[in-house]
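All heavy atoms count here, side chains included; hydrogens, waters and symmetry mates do not.
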Amino acid sequence: MEWRVTADTGRSWVTEAFGATVTGDDVDALVLLGLRRNPKRAHLLVSTVLGKHLPTPPARVRAAADALGDAVVSVLGEGARAATVLGFAETATGLGHCVAERMGAARYLHSTRRAVASATVHGSFEEGHSHATTHLLQPTDGELLATDPSVPVVLVDDEISTGRTAVEAVEALHGLDPHDRYVVASLVDMRSGNHHAECAAAAARIGVVIDFVALASGTVSLPDDLTDRVCALAPADLNPTADVPGTVEFVSAPWPAAVPDGGRHGFLAADTAGFHRAVDDLTDGLRGVFADGEPVTVVGHEELMYLPLCIAERLVHQGVQASFQTTSRSPAHVVDENGYPLRRGFSFPSPEGVDDARRFLYNVAAPGSGTTPAVLLVLDDPADTDALRADGGLLDVLSAAGHRVVVVTIPSSDPARLTVARARQGSRLAPAGDPLRSPDFGSYAPDEVAWLLKDLSEFSLEGDVVERERRIQAGLSHYAESLPIEFQPGAEYLELFDASLAESARRLALAVGTVTELILTERSSNPTLVSLARAGTPIGVLIGRWIRFTRSIAPAHYGVSIVRGRGIDAVALDYIAARHDPDSVVFVDGWTGKGAIARELSAALDEYAATGGARLNDELAVLADPGSCTRLFGTRDDFLIASACLNSTVSGLVSRTVLNDELIGPGDFHGAKFYRDLAPFDASNRFLDAVTAAFASVADDAVAEAVRLRTADRTPHWDGWASVEAMQNRYELSSINFVKPGIGETTRVLLRRVPWRILVREPDLPEHEHIRMLAAERGVPVDVVPDLAYSCVGLIKENV
């Protein structure tokens, strides 16, 4: 997109009321005249291409920055790639990053007004006319600026008014680490002839070359009494309200610990690829968050400009009507006049709580448009505070104005943590490919689960159930190397499924709420959910929905493969550990049987840590824990979980996971198939919606039950394993794996294995009706065994 825009000059009100003007070629396409309540400087050049005060198409922001980067390259030539680029806070932090990336510069740093306790201040300079004057330089490594003197340093700002701030910055940098040549790059250069002479004299005094480049140059003409007249204006009407308030929700955002979120503590050219992969991952998680055709303004916070800009770019590529801007420290004058750029404004306390000053956000919607777009607010965690959420805080004033607000919080790049993470970063943290999401894979909403799987839909992996069972039992193949032909029950069974779902939805909702409340209070207030595909995936989605329902937070949720005897997908764990705090990871499954998968998970995570991976908590969260294998459960009753009643048609149309050497190579995720042809029979979202609809009715009970369980003895005793061993001996089975305890496992035996017999504790239990029906269809005897530890058990036929 061309950076030049056809712009309303914005002079109709400022020029007519105050006599202030801007002149110069192309200047009126880049800036509009505004006013600010600052006794040091009353006028404000409002950029049309920066995305600070005006919501701006991200392509326009990028195009202007690229043009400026090209202008710098034309001055420096091949020296541009070796350069150090410094962006000025707060307005040019994103612009500077764009310029550095366009140049291919070796390193980027932006000044900051945020003092970070773990960072060392390696230098500072002053900006006399600014609302906040002191700029700090806090690179992770003080050697970032200590390059060879022949390496040029490029300073980037949105505007040059007199050149004095730029010269002072050059002098401060030169005092730290001398360099021969400096380039000052800006969107507009508004210096007068006297200012040009002052800058040239300063360069001669310091003993360096200072080049100035800009996209346009011009002059600002201001009446002598402008400051007094602006300060005398009545305070602007800020924080508009709407008849219908908006909503606020929070979305969990993955971000790798070894990748800086921007240039506050230094950004190397080598960080660029990882940064953009991380933005891709983050934005993929936003698929489905915004409705088709819903306009969205991506709002960054003060100095956090580049990352929100990149998010806005990705949203546009997804088809979202997105624009970009950020909050500000600068108190501008707001007036709803045609042609004036600052027609709507919000004022709120600093979310960081570092001072008593107010912070500001202007417009959000295009001036005069009358629209109320959704707001995607992108913050780092120092700004995600009680002050942000308080009455009168940023979230409150935006939602009161009718905006739907979606909040994404990025872990800030703490210098000490970033240094350690970079040092630890190795081959196992390399990206493994993109997650799979609906509609390309699976039928769950794209923002509800990301499948860390390889799509094997094009391969024929299904075999006759009996022949497959024979090969598995003979040791000729592993069960995960192929897939069973999925049994599709008839109309009578599907009617029974719907009736069972209606009957059990409330109990399921209570179990979902109970285990989720335990997760939130005992493990993480913002967990990263990792469900064991595929039975755990619908439960992970329901847990995510409960968190949204009760906390307005959308947690990250991944579906990963675990294979008995082969362990968990380590490549998927690498992907997750590179993007999330390992302490936030919670593994999810539907239920425990004898505890084989719980044991497999513990052993696999021990092996993963022993081979250099992150240490992940092996405590499995389940709805039902009849085997007494975990502390995180909704109930220890063996009850019907309706998602166990069907195969892929209640699990997002995704097959069991596949692990074989022919299709899964080193660095690949485990595989699975997407059964698109079964879409007419898909009950996956019907199951989720039925349980979700019961959340409100069980909310108080779930919280109360979680409170009760927190003080109860939930120590796992593995009673189920002992019971299954006894059952194996009673029926003289050669392997404990031929005994499948519990309603869920018994149903699975009937759906996709070769069953021998079914054992039930009670002959006519309503929850077993579907089991009795399946057993009758397949000619499998049902025996009543009153002393069963579970309500039912499925036995697999041996020596098929």
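Sparse packing is recorded around CG of D661, with 12 or fewer heavy atoms of other residues, nucleotides or ligands lying under 6.0 Å away. The environment of CD in E503 is sparse: at most 12 heavy-atom neighbours from other residues, nucleotides or ligands sit within 6.0 Å. Within a 6.0 Å sphere centred on CG of D700, heavy atoms belonging to other residues, nucleotides or ligands number 12 at most. The environment of CD in E462 is crowded: more than 12 heavy-atom neighbours from other residues, nucleotides or ligands sit within 6.0 Å.
Here the NE2-OG1 distance, from H768 to T746, works out to 7.5 Å after rounding to the nearest 0.5 Å. Residue I553 holds its CD1 atom at 7.5 Å from CG of L520, rounded to the nearest 0.5 Å. Interatomic distance, OG1 of T516 versus CG of L632, reported as 10.0 Å (0.5 Å rounding). The OG1 atom of T747 sits 6.5 Å away from the CG atom of L751 when rounded to the nearest 0.5 Å.
Remark: side-chain polar atoms of Y790 are paired, donor with acceptor, to backbone N or O of G593 under 3.5 angstrom. A donor-acceptor contact shorter than 3.5 Å links the side chain of R437 to the backbone of P446. With hydrogens and angles ignored, the 3.5 Å screen pairs no side-chain donor or acceptor of K454 with any backbone N or O of G665. When atom types are taken as modelled, the side chain of E619 and the backbone of T630 share no donor-acceptor pair closer than 3.5 angstrom. Judged by distance alone, the side chain of D638 and the main-chain N or O of I743 form a donor-acceptor pair under 3.5 Å. A donor-acceptor pair under 3.5 Å is absent between the side-chain atoms of D682 and the main chain of L678, judged by distance alone. In this structure, the side chain of H478 does not engage the main chain of N660 through any donor-acceptor pair within 3.5 Å. Remark: the backbone N or O of F639 is not paired with any side-chain donor or acceptor of E767 at under 3.5 angstrom.
Side-chain contact between F738 and W756 is absent, with no heavy-atom pair separated by less than 4.5 Å. In this structure, the side chains of D606 and R615 come closer than 4.5 Å at one or more pairs of heavy atoms.
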Take R470 and L476 through the side-chain contact (heavy atoms from CB on, under 4.5 Å) test and state the conclusion after the steps. CA-CA 9 Å; R470 186 191 68 79; L476 299 176; 4.3 Å; yes
Does the side-chain contact (heavy atoms from CB on, under 4.5 Å) test come out yes or no for Y575 and Y558, once each step is laid out? CA-CA 10 Å; Y575 184 96; Y558 300 97; 3.9 Å; yes
May I have the step-by-step check of side-chain contact (heavy atoms from CB on, under 4.5 Å) for I568 and F587, ending in yes or no? CA-CA 11 Å; I568 198 166; F587 291 94; 3.7 Å; yes
Would V560 and L532 satisfy side-chain contact (heavy atoms from CB on, under 4.5 Å), going step by step from the backbone distance to the final call? CA-CA 5 Å; V560 306; L532 304 182; 4.2 Å; yes
Just do the side-chain hydrogen bond (donor to acceptor under 3.5 Å, both in side chains) check on Y608 and D574 with the steps written out, would you? CA-CA 9 Å; Y608 180 71; D574 288 345; 2.7 Å; yes
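In summary, E522 and R710 do not engage in a salt bridge, as defined by a charged side-chain N under 4.0 Å from a carboxylate O. Between D719 and K594, no side-chain nitrogen of the basic residue sits less than 4.0 Å from a carboxylate oxygen of the acidic one, so the salt-bridge criterion is not met. A salt bridge does not link E769 to R772: none of the charged side-chain nitrogens sits closer than 4.0 Å to a carboxylate oxygen. Comment: R714 does not engage D625 in a salt bridge, judged by the lack of any side-chain N to carboxylate O separation of less than 4.0 angstrom. The residues R686 and D689 are annotated as not salt-bridged, no charged nitrogen and carboxylate oxygen being separated by less than 4.0 angstrom. The pair D447-R548 meets the salt-bridge criterion, since a charged nitrogen lies less than 4.0 angstrom from a carboxylate oxygen. Taking 4.0 Å as the cut-off between side-chain N and carboxylate O, R287 and D440 do not count as a salt-bridged pair.
Taking the side chain to side chain contact (heavy atoms under 4.5 Å, CB included) definition, one finds that E469 meets it with Q473, R753, V754, I796, V800, sequence neighbours left out. Taking the side chain to side chain contact (heavy atoms under 4.5 Å, CB included) definition, one finds that D581 meets it with D583, S584, sequence neighbours left out.
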Donor-acceptor pairs are to be reported for all side-chain atoms of residues 648-657 against protein atoms at under 3.5 Å, with residues two or more places apart or in another chain.
| from | atom 1 | to | atom 2 | distance (Å) |
| --- | --- | --- | --- | --- |
| S648 | OG | E486 | OE1 | 2.9 |
| S655 | OG | K673 | N | 2.8 |
| T657 | OG1 | S561 | OG | 2.9 |

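Of the options R761, R757, R730, a salt bridge (Lys or Arg N to Asp or Glu O under 4.0 Å) to D783 is made by R757 and by none of the others.
Cation-pi contact between R545 and F549: absent, since separation from the ring centre below 6.0 Å together with deviation from the ring axis within 45° is not met.
A ring-centre distance under 6.0 Å is not found for H557 and Y444.
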